[in-house]
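Here the structure is laid out as structure tokens; the discussion comes afterwards.
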Amino acid sequence: MTLYCKWISVLAVTGFSFHLAPWIVAQELGGGLGGTKENLDLPFDARGESEEEEDAPEIVTFYGEQFEGDGMFYVIDRSSSMGNRGELAIAKREIFQNIAEFSSRVQFGIVFFDANVIKFPSSGQPAEANPAMKASATSFVSSVPGGGGSCCQQGLMAALQMANRASSKRKVLVYLGDGRGHCQGANEAQYLAATLAAVTAGNYQRVQVNCIMVLDVTTTGEDFLKKLAASNGGTYTVK
């Protein structure tokens, strides 16, 4: 009888130890069974490591307006009205400031139009904002003279094609001028309507098109620029 009682005691202690074992292991690992299960449900690399955040967008101030992007493209009217009223010189100073402030992440392009179009880079490929390209762009802008005529469609399409080729994630196009369209004798209303259709159809990269009107505000020019900005996710401003 005594031997039987001893075996019962041994089995009871052994069974109790078996039941305690998982609890003891869990405590040694840092918590109860419930806590262990919760940790196992987490991803393998969930140890406080955060995903790499996207780079903050470049903030560019042009004519007092702020634009966010790592691809900046300018379309500047250089017609006689811009030169006669001193607006072309102001536009150049604004571009100089932007170029100087561009970080190395930025791609950019600059187009001036009158009856013709001149652009930087002349290849039509977007420029990388490294020191050499920034110096070349500054020299180009300095050398641009005033002109005559106003073929804005050609200017806008040249800049848009450049923007479409850029690898930038946030592409911004800024138009500066009076919104007029006196191009090689074409009817202005028809020419501007065709320009709006061409830019909107060709903007397959969804470049944000912003319009800044300077000089005399006309109903024709204002209506065109408002529609151009609204159709391409941009803003319209009068200065």
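Remember, it's a predicted structure, so these values are computed and weren't measured experimentally.
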Side-chain donor-acceptor contacts of residues 211-222 below 3.5 Å, not counting sequence neighbours, with atom names and distances?
residue: Thr218; atom: OG1; partner: Gly221; partner atom: N; Å: 3.0
residue: Glu222; atom: OE2; partner: Tyr236; partner atom: OH; Å: 3.4

If you look only at pairs with a residue in [range], which of them pass as a salt bridge (charged side-chain N to carboxylate O under 4.0 Å, His left out), with sequence neighbours excluded?
{"range": "residues 187-212", "answer": "Arg180-Glu188"}
{"range": "residues 155-164", "answer": "none"}
{"range": "residues 153-162", "answer": "none"}

Task: Contacts of Glu65 that satisfy salt bridge (Lys or Arg N to Asp or Glu O under 4.0 Å) - sequence neighbours left out - done: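 Listed in chain order: Lys239.
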Open item on the list: Going by disulfide (SG to SG under 2.5 Å), name the pairs with one or both residues in residues 105-172, residues two or more places apart or in two chains.
Closed with: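 For residues 105-172: Cys151-Cys183.
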Open item on the list: Is there a side-chain contact between Val174 and Met72 in this structure, where contact means two heavy atoms from C-beta onward sitting under 4.5 Å apart?
Closed with: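 Val174 reaches Met72 side chain to side chain.
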- [ ] Could I get the full list of side chain to side chain contact (heavy atoms under 4.5 Å, CB included) partners for Asn187, not counting sequence neighbours?
- [x]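 Residues passing side chain to side chain contact (heavy atoms under 4.5 Å, CB included) with Asn187: Ala189, Gln190.
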Task: For Phe73, all residues meeting ring pair (Phe, Tyr, Trp, His ring centres under 6.0 Å), sequence neighbours excluded - done: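 For Phe73, no residue satisfies ring pair (Phe, Tyr, Trp, His ring centres under 6.0 Å) once neighbours in sequence are set aside.
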TODO: Mind checking ring pair (Phe, Tyr, Trp, His ring centres under 6.0 Å) for Phe62 and listing every partner two or more places apart, or none if nothing turns up?
DONE: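 Checked Phe62 against ring pair (Phe, Tyr, Trp, His ring centres under 6.0 Å); matches are Tyr74.
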Let me check something: any side-chain donor-acceptor pairs from residues 108-124 under 3.5 Å, sequence neighbours excluded? List them with distances.
residue: Asp114; atom: OD1; partner: Arg78; partner atom: NH2; Å: 3.2
residue: Asp114; atom: OD1; partner: Asn116; partner atom: N; Å: 2.8
residue: Asp114; atom: OD2; partner: Gly148; partner atom: N; Å: 3.2
residue: Ser123; atom: OG; partner: Gln125; partner atom: N; Å: 3.2

Return all side-chain donor-acceptor pairs below 3.5 angstrom for residues 127-134, not counting sequence neighbours, or 'none' if the list is empty.
residue: Glu128; atom: OE2; partner: Gln107; partner atom: NE2; Å: 2.8
residue: Asn130; atom: OD1; partner: Ala132; partner atom: N; Å: 3.3
residue: Asn130; atom: OD1; partner: Met133; partner atom: N; Å: 2.8
residue: Lys134; atom: NZ; partner: Ile99; partner atom: O; Å: 3.3
residue: Lys134; atom: NZ; partner: Ala100; partner atom: O; Å: 3.4
residue: Lys134; atom: NZ; partner: Phe102; partner atom: O; Å: 2.9

Open item on the list: Quick test of your reading: applying side chain to side chain donor-acceptor pair (under 3.5 Å), list the pairs with at least one residue in residues 154-164, sequence neighbours left out, ordered by first then second residue.
Closed with: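 Matches after skipping sequence neighbours: Gln154-Tyr191.
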